[in-house]
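Order of the sequence lines fixes the chain letters, A, B, ..., with proteins taken first and strands second; residue numbering starts at 1 for each chain. Nothing here was measured: the structure is a model prediction, and the numbers come from that model.
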Number of protein chains: 2
Amino acid sequence: MTDKEAALLCKAIGDLHRLQIVQLLTHGEQCACELLEKFAITQPTLSHHMRILCRVKLVQVRKEGKWCHYSLNCEKFVEFKNYIEKITCC
Amino acid sequence: MTDKEAALLCKAIGDLHRLQIVQLLTHGEQCACELLEKFAITQPTLSHHMRILCRVKLVQVRKEGKWCHYSLNCEKFVEFKNYIEKITCC
DNA sequence: GCCATATATTGACAACAATCAATATATGGC
DNA sequence: GCCATATATTGATTGTTGTCAATATATGGC
């Protein structure tokens with residue numbers, strides 16, 4: 001993972017709502033309507049956040065009928081964790 | 001570390017220049033003038049970035065005469081790495 | 001085909017961010 | 001005290017972001 005991509009990923013989770021969305025998705029796939037219930041934001045705002053998370057490939061979407069099921073892209077997330085882990089201090 | 005603090009830390013390193021500054025500081029303390037040479041930005045812009053990194057306590061400064069020596073706050077950084085590591089996927 | 005529901009898009013707005021030029025402040029040497 | 005140097009602050013500008021209301025799109029059931 002390049003520094004540039006890592007910076008974009010950090011930026012993507014550098015918003016409290018989006019970080020919490022990522023945390024929720026670690027428990028498994030959730031549809032937009034479920035996520036929406038858990039935050040005090042409107043549906044368009046959630047849609048905006050999900051688009052940002054999908055754009056950096058941290059989250060993926062599975063469309064099923066009317067529903068959008070969002071889930072973490074584990075491969076990308078592990079890549080990100082490895083990047084962060086490699087920044088050694090002291 | 002709270003979600004809120006983690007989000008602020010992510011935001012702080014969610015800029016390519018600041019992420020690269022953090023990377024440079026893993027090699028040890030550096031003064032502002034040294035850092036400045038490594039980026040195509042002006043001195044006020046670097047000062048701005050350093051203030052943001054210091055504000056979230058990811059970087060600390062040691063003033064010595066005319067010079068400001070910046071270094072990573074390892075404790076805070078490790079805390080952040082642990083936070084990220086605990087977000088388990090799949 | 002019409003309606004209800006789930007989600008996306010558009011447009012607007014206020015807040016914030018990255019950057020620079022200009023200027024201010026602080027320090028050490030003379 | 002004056003000068004050079006290192007860094008910070010201010011002010012301006014341009015671009016981006018988080019948010020909402022309103023509207024559009026898509027899907028399934030009747």
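- Between R51(A) atom CZ and dG18(D) atom C1' the separation is 12 Å, expressed in whole Å.
- Protein atom CD1 of I52(B) is 14 Å distant from nucleotide atom C1' of dA8(D), rounded to whole Å.
- In this structure, E64(B) atom CD and dT27(C) atom P are separated by 13 Å, rounded to whole Å.
- Residues V22(B) and F77(B) come closest through the heavy atom pair CG1-CE1, 4.4 Å.
- If you measure from atom CD of E34(B) to atom P of dA6(D), you get 11 Å, rounded to the nearest angstrom.
- For the pair H49(A) and dT19(D), the criterion of a side-chain N or O lying under 4.0 Å from OP1 or OP2 is met.
- With hydrogens and angles ignored, no donor-acceptor pair closer than 3.5 Å exists between the side chain of Q43(B) and the base of dA6(D).
- The base-pairing partner of dT23(D), taking Watson-Crick or G-U wobble contacts with both distances under 3.5 Å, is dA8(C).
- Looking at the side chain of C33(B), the nearest of the listed nucleotides dT7(D), dG18(D), dT7(C) is dT7(D).
- Considering only side-chain N and O atoms, H48(B) lies nowhere under 4.0 angstrom from the phosphate OP1 or OP2 of dT7(D).
- The 5' end of DNA chain D is approached more closely, in terms of each residue's nearest nucleotide, by T42(A) than by the other of T42(A) and K66(A).
- If you check dA6(D), dA8(D), dA6(C) against the side chain of W67(B), the one that comes closest is dA6(D).
- The phosphate of dT7(C) has neither OP1 nor OP2 within less than 4.0 Å of any side-chain N or O from S47(A).
- Across all strands shown, dT13(D) is found opposite dA18(C) as a Watson-Crick or G-U wobble partner, with both distances under 3.5 Å.
- Taken together, C74(B) and C89(A) meet the criterion of an SG-SG distance shorter than 2.5 Å.
- Dashed line: the shortest gap from a side-chain N or O of R18(A) to OP1 or OP2 of dG18(D) is under 4.0 Å.
- Across the protein-nucleic acid pair, H69(A) atom NE2 and dA6(C) atom P stand 12 Å apart, rounded to whole Å.
- The CG-P distance, from L16(A) to dT19(D), rounds to 9 Å in whole Å.
- When rounded to the nearest whole Å, the span between CZ of R55(A) and C1' of dT17(D) equals 10 Å.
- Enclosure of atom CZ in R51(A) is not indicated, since only 12 or fewer non-hydrogen atoms of other residues, nucleotides or ligands lie within 6.0 angstrom.
- For T45(B), taking side-chain heavy atoms from C-beta onward, the closest of the listed nucleotides dT19(D), dT19(C), dA8(D) is dT19(C).
- For dT17(D), one of the phosphate oxygens OP1 or OP2 lies less than 4.0 angstrom from a side-chain nitrogen or oxygen of K11(A).
- Within the 4.0 angstrom heavy-atom criterion, no nucleotide atom of any strand lies near F39(A).
- When the nucleotides dT9(C), dT7(C), dA21(C) are ranked by their closest atom to the side chain of C31(A), dT7(C) comes out on top.
- Checking Q30(B) against K38(B) by side-chain atom types alone, a donor-acceptor pair falls below 3.5 Å.
- E34(A) contributes a side-chain N or O that, together with a main-chain N or O of C31(A), makes up a donor-acceptor pair within less than 3.5 Å.
- The partner of dG29(C), taking Watson-Crick or G-U wobble pairs whose two distances both stay under 3.5 Å, is dC2(D).
- Between K76(A) and E5(A), at least one side-chain N (NZ, or NE/NH1/NH2) sits under 4.0 Å from a carboxylate O, which counts as a salt bridge.
- Contact annotation for L46(B): no contact, since no heavy-atom pair falls under 4.0 Å across all strands.
- Atom CG of D15(A) is separated from atom C1' of dC16(C) by 13 Å (rounded to the nearest Å).
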